[in-house]
Amino acid sequence: MVEEIRRPEKPASAVWLRAHLAELWPGAAPFVHEWADPYRVRRAGEPAGYRHLVLAAAAGGRVSPGVDGVLAALRDAGWKAREPRVFHGESVASATIDAFEVRVYEGAGPGVLYVCGWTPVVFRPGERPRPQPRHTMSTVWEAVLCDECDGLGACPDCEGTLFAPHTFRRGSYSGYGCLGCSANNTGPGNCASCGSRGCLPAGSPYGEDGRPGPAGVTAGTRTVASGAEALAEVVRRPCAGCGEVRCAWRNAVVTSGDDLVSCFFATCPDCGARRAHSFHLSTAAGG
């Protein structure tokens with residue numbers, strides 16, 4: 001059973017990020033979803049801090065600016081953007097500015113277009129200096145968050161400092177070397193399970209026929225006006241295996257007879273289960 005995530009006070013960085021991403025669709029009203037990922041060492045005790053996330057989505061299709069259009073707008077605003085990767089008709093890219101990062105994604109078909117951005121982890125007042133984790137639950141892409149380091153991407157005992165945990169004193173480190181990582185196979189300071197990745201590989205998200213999404217997912221559960229409307233519902237559905245809601249959803253628009261079906265599929269970042277939902281698109285919908 002997944003614990004209910006208490007929404008912490010929203011920092012100014014999250015307010016800025018939401019306003020910034022919503023402006024990427026001038027004249028439109030995209031679906032906007034906000035939440036926070038708690039970060040805790042070994043998933044025990046009270047969170048050491050929270051990462052705030054914002055997702056802004058719009059239907060794909062001919063009227064969509066596409067991944068290239070969104071990246072151009074981000075570059076104009078001072079973001080450093082990487083060229084998109086294209087696979088099976090999907091496009092995904094990333095961009096950064098200061099300590100912020102966004103993922104820009106468009107489904108196959110073309111399908112839904114969304115931008116998911118996140119702040120660095122904001123640690124609680126009074127917390128000793130800690131390194132930023134490589135991942136939290138929502139930033140994992142087709143992988144599972146590492147159970148050993150909880151996404152830190154470093155030894156959970158010494159947090160990559162190479163010193164034993166009892167030697168932390170007022171932000172300075174001295175004393176004995178860390179026995180937890182000094183002789184592991186991934187190298188000193190690294191997590192013994194994931195190395196420095198913060199996540200572990202998951203199974204292929206593609207069906208047996210090579211198309212995006214699990215094979216056979218072609219029956220829509222209900223009719224929606226757009227892929228963005230469907231995504232607004234999907235992001236609130238829990239995983240059937242573990243109850244986790246957070247997930248990096250992917251999308252493909254396929255034909256089923258005379259109908260267009262918007263398929264959403266992903267790997268649960270907590271238990272690794274393959275998740276899928278599908279919706280009929282109305283005749284006027286393009287993605």
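One-based numbering along the sequence shown. Fair warning: this is a prediction, and the values are worked out from it, not measured in the lab.
Connection of Leu17 to Val70 is established within a shared hydrophobic cluster, with ILVMFWY side chains joined at heavy-atom distances below 4.5 Å, either directly or through further cluster members. Under the 4.5 Å side-chain heavy-atom criterion for ILVMFWY residues, no single connected hydrophobic cluster contains both Val86 and Tyr114. Taking hydrophobic clusters as Ile, Leu, Val, Met, Phe, Trp and Tyr residues chained together by side-chain heavy-atom distances below 4.5 Å, Trp141 does not share a cluster with Leu200. The hydrophobic clustering, which links ILVMFWY residues whose side-chain heavy atoms are closer than 4.5 Å, places Val224 and Val234 together. A single hydrophobic cluster is not seen to contain both Phe100 and Val15; linkage of ILVMFWY side chains at heavy-atom distances under 4.5 Å, directly or through other members, places them apart.
In this structure, the side chains of Cys239 and Cys247 stay at 4.5 Å or more apart for every pair of heavy atoms. Contact of the Leu71 side chain with the Pro84 side chain is registered, since non-hydrogen atoms from C-beta on lie closer than 4.5 Å. Contact annotation: the side chain of Phe87 approaches that of Val92 to within less than 4.5 Å [non-hydrogen atoms, C-beta and beyond]. At least one side-chain heavy atom of Cys191 sits less than 4.5 Å from a side-chain heavy atom of Cys146. Within the 4.5 Å cutoff, the side chain of Leu152 has no heavy atoms near those of the Arg134 side chain.
Here the CZ atom belonging to Arg250 is positioned 4.0 Å from the CD atom belonging to Glu90, to the nearest 0.5 angstrom. To the nearest 0.5 angstrom, Cys149 atom SG is 10.0 Å from His135 atom NE2. Here the CG-SG distance, from Leu145 to Cys199, works out to 7.5 Å after rounding to the nearest 0.5 Å. The CG atom of Leu231 sits 9.0 Å away from atom CZ of Phe279, with the distance rounded to the nearest 0.5 Å. Here the CD atom belonging to Glu244 is positioned 6.0 Å from the SG atom belonging to Cys268, to the nearest 0.5 angstrom. With rounding to the nearest 0.5 angstrom, the SG atom of Cys263 is 10.5 Å from the CG atom of Leu260.
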Check your understanding: So Glu46 and Arg40, salt bridge (Lys or Arg N to Asp or Glu O under 4.0 Å) or not? Walk me through it.
Key -> CA-CA 7 Å; Glu46 287 294 317; Arg40 51 172 60 86; 5.7 Å; no

Exercise for review: Run the numbers on Thr267 and Glu142 for side-chain hydrogen bond (donor to acceptor under 3.5 Å, both in side chains), then give the verdict.
Suggested key: CA-CA 5 Å; Thr267 297; Glu142 289 301 344; 2.6 Å; yes

Check your understanding: Yes or no on side chain to side chain contact (heavy atoms under 4.5 Å, CB included) for Asp37 and Leu53, after CA distance, side-chain angles and deciding distance?
Key -> CA-CA 8 Å; Asp37 278 359; Leu53 300 99; 3.7 Å; yes

Practice item. Carefully, step by step, assess Val253 and Leu281 under the rule side chain to side chain contact (heavy atoms under 4.5 Å, CB included). Key: CA-CA 9 Å; Val253 175; Leu281 292 174; 4.0 Å; yes

Practice item. May I have the step-by-step check of side-chain hydrogen bond (donor to acceptor under 3.5 Å, both in side chains) for Ser262 and Asn251, ending in yes or no? Key: CA-CA 7 Å; Ser262 184; Asn251 176 242; 2.9 Å; yes

Review point. Between Arg51 and Thr119, is a side-chain hydrogen bond (donor to acceptor under 3.5 Å, both in side chains) present by the stated rule, with each step listed?
Key: CA-CA 6 Å; Arg51 165 172 280 154; Thr119 70; 5.5 Å; no

Exercise for review: May I have the step-by-step check of side chain to side chain contact (heavy atoms under 4.5 Å, CB included) for Tyr50 and His52, ending in yes or no?
Suggested key: CA-CA 6 Å; Tyr50 292 87; His52 296 258; 4.1 Å; yes

Point to revise | Trp35 and Ser138: CA distance, side-chain angles, deciding distance, side-chain hydrogen bond (donor to acceptor under 3.5 Å, both in side chains) verdict | key: CA-CA 9 Å; Trp35 70 103; Ser138 300; 2.7 Å; yes

Exercise for review: Assess whether side chain to side chain contact (heavy atoms under 4.5 Å, CB included) is satisfied between His280 and Arg222, documenting all intermediate values.
Suggested key: CA-CA 6 Å; His280 283 291; Arg222 69 181 187 87; over 6 Å; no

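In plain terms, the two heavy atoms of Cys181 and Leu162 that are nearest each other are SG-CD2, 4.3 Å. Between Ala57 and Val112, the shortest heavy-atom contact is CB-CG2, 4.4 Å. Closest approach of Gly243 to Pro238, counting heavy atoms only: O-CB, 3.5 Å. Ser278 and Val261 make their closest contact through CB-CG1, 3.8 Å (heavy atoms, listed as atom of the first residue, atom of the second, distance). Of all non-hydrogen atoms in Ser91 and Val67, the two that sit nearest each other are CB-CG2, 3.7 Å. Heavy-atom minimum distance, Ala95 versus Leu74: CB-CD1, 4.0 Å.
Under the salt bridge (Lys or Arg N to Asp or Glu O under 4.0 Å) criterion, Arg85 pairs with no residue at all, not counting sequence neighbours. Partners of Tyr39 under the side-chain hydrogen bond (donor to acceptor under 3.5 Å, both in side chains) rule, at least two apart in sequence or in another chain, do not exist in this structure.
We find that Arg130 and Glu159 are joined by a salt bridge, their nearest charged nitrogen and carboxylate oxygen being less than 4.0 Å apart. Electrostatic pairing of Glu83 and Arg75 counts as a salt bridge here, judged by a charged N lying under 4.0 Å from a carboxylate O.
Within a 6.0 Å radius of CG in Asn185, other residues, nucleotides and ligands contribute 12 heavy atoms or fewer. Arg124 CZ: more than 12 foreign heavy atoms inside a 6.0 Å radius.
For the pair Arg103 (side chain) and Thr139 (backbone), a donor-acceptor distance under 3.5 Å is present. One N or O on the side chain of Gln132 and one on the backbone of Val121 form a donor-acceptor pair closer than 3.5 Å.
Side-chain atoms of Arg237 and His277 form a donor-acceptor pair, as typed in the model, at a separation below 3.5 Å.
Listed by first then second residue, pairs satisfying salt bridge (charged side-chain N to carboxylate O under 4.0 Å, His left out) with a partner in residues 177-190 number zero, not counting sequence neighbours.
Trp249 and Phe264 have perpendicular rings, their planes meeting at more than 60° on a 0 to 90° scale where under 30° would count as parallel.
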